[in-house]
Amino acid sequence: MDEIKLVIAEDEPVARQAMARLFDLETDIEVVGEAENGEAAIDLARRTLPDVILMDIRMPKLDGIKATQLIKQETPNIAIVILTIYDDDTNVFQAIKAGAIGYILKDSPIDNALQAVRAAYRGEGIMHPAVAGRVMREFARLHNERSTDLEMFADLTDREREILKLIAQGKRNCQIAESLFISEKTVKNHVSNILFKLQANDRTEAALYATKHGLVE
């Protein structure tokens, strides 16, 4: 079996060095680099092309979430496992969205960390049960929220969506009419329909709502 090339990104030097020593005792794992911040992690990822990165979320210069996102954009085949603390659900959720394959708690036994690294190498995700349930509930909540949003936006016609995008760009009715080659009165009618369907008080609220929920940039 080939050795798993591992990078450890952790800003606490004592913890980082202790992990490196423990991982180096394993015959199937080679620690190819240690990073004290997110920027160093990205640099090591580029230079060493590891199989797995053990990434702390909270680091100086560049946090683990942003570092994960940038590394996965450049080198998607690098598996990233997040190191976190018990009550950091929100950041864990963001890191998984950024491309992390799993996460473990910082105070987990070394056997758990070894299991997570080996699983990540195989393309399998490890989620610590202490926080996995809450993260999964957050995914479910956002999914349900997104489904509701899509149902509401589904009521809009193609023309209304087109006008809503222009509203979100700050266009006035006369500008919208000119760009779509329709009358200003027609635009006003469409805007009224949009506000009614989205239950928005005014065009600004409609634009903000559409932007927040991803209908427009």
Side-chain angles (χ1 to χ4, degrees), residues 3-24 26 28-143 214:
E3 283 189 326
I4 301 170
K5 295 167 62 178
L6 175 68
V7 162
I8 300 173
E10 159 67 65
D11 65 317
E12 291 291 338
V14 173
R16 185 177 67 247
Q17 291 161 14
M19 282 190 289
R21 285 194 297 272
L22 289 170
F23 278 111
D24 267 334
E26 303 298 313
D28 62 333
I29 298 175
E30 177 191 4
V31 178
V32 296
E34 300 176 34
E36 69 277 10
N37 57 60
E39 289 181 356
I42 292 172
D43 179 60
L44 276 172
R46 289 168 177 161
R47 290 192 289 108
T48 65
L49 294 177
D51 300 303
V52 181
I53 298 177
L54 205 53
M55 181 83 74
D56 187 13
I57 282 185
R58 298 177 181 274
M59 290 188 294
K61 292 189 178 181
L62 192 70
D63 64 47
I65 297 171
K66 188 62 177 177
T68 295
Q69 184 180 38
L70 293 173
I71 290 169
K72 293 299 288 185
Q73 286 174 355
E74 289 187 16
T75 320
N77 60 324
I78 294 177
I80 298 179
V81 177
I82 294 297
L83 278 170
T84 186
I85 57 177
Y86 177 76
D87 59 353
D88 208 13
D89 297 7
T90 302
N91 281 330
V92 170
F93 180 69
Q94 294 301 321
I96 291 174
K97 289 208 301 182
I101 196 171
Y103 60 90
I104 57 172
L105 297 182
K106 280 191 171 187
D107 58 358
S108 296
I110 186 62
D111 286 347
N112 289 12
L114 290 168
Q115 181 185 10
V117 168
R118 288 168 177 144
Y121 179 69
R122 296 191 301 268
E124 302 167 5
I126 290 288
M127 290 192 175
H128 194 288
V131 284
R134 285 179 289 171
V135 172
M136 289 302 100
R137 284 194 293 274
E138 176 68 5
F139 270 114
R141 184 188 69 78
L142 289 180
H143 174 75

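Every value quoted in this text rests on a predicted model; they were computed, and no experiment measured them. Starting from 1, each residue takes its place in the sequence as its number.
- Separation of atoms CD1 (Ile57) and OG1 (Thr84) is listed at 4.0 Å; rounding is to 0.5 Å.
- Residue Thr48 holds its OG1 atom at 9.5 Å from CD of Glu30, rounded to the nearest 0.5 Å.
- Among Asp63, Ile71, Ile8, the one residue that satisfies the side chain to side chain contact (heavy atoms under 4.5 Å, CB included) test with Met55 is Ile71.
- A 4.5 Å side-chain heavy-atom check between Leu70 and Lys66 finds at least one atom pair inside the cut-off.
- Scanning both residues, Met19 and Leu83, for their nearest heavy atoms gives CE-CD1, 3.8 Å.
- One finds the CD1 atom of Ile42 at 10.0 Å from the CD atom of Gln69 (value rounded to the nearest 0.5 Å).
- Residue Ile65 comes nearest to Ala98 through the heavy atom pair O-CB, 3.8 Å, listed as atom of the first residue, atom of the second, then distance.
- A side chain to side chain contact (heavy atoms under 4.5 Å, CB included) with Val52 is found for exactly one of Ile29, Val117, Ile80, Ile101, namely Val117.
- We find that Glu74 and Arg46 are joined by a salt bridge, their nearest charged nitrogen and carboxylate oxygen being less than 4.0 Å apart.
- Note that CG of Leu105 and CG of Asn112 are 8.5 Å apart. Values are rounded to the nearest 0.5 Å.
- Lys106 places a side-chain heavy atom less than 4.5 Å from the side chain of Asp56.
- Within a 6.0 Å radius of NZ in Lys72, more than 12 heavy atoms belonging to other residues, nucleotides or ligands are found.
- Side-chain contact between Arg118 and Asp28: present, with at least one pair of heavy atoms (C-beta onward) separated by less than 4.5 Å.
- Ala41 and Ala35 get closest at one heavy-atom pair: N-CB, 3.4 Å.
- Side-chain contact between Ile53 and Leu6 is absent, with no heavy-atom pair separated by less than 4.5 Å.
- A pairwise comparison of heavy atoms in Met59 and Glu10 identifies SD-N, 3.9 Å as the closest pair.
- Listed here is the closest heavy atom pair of Ala79 and Ala120: CB-O, 3.5 Å.
- Looking only at side-chain heavy atoms (C-beta outward), Phe23 and Leu54 come within less than 4.5 Å of each other.
- Looking at Leu62 and Asn37, their side chains never come closer than 4.5 Å, going by heavy atoms from C-beta outward.
- Pairing each heavy atom of Gly33 with each of Leu44, the nearest pair is C-CD1, 3.8 Å.
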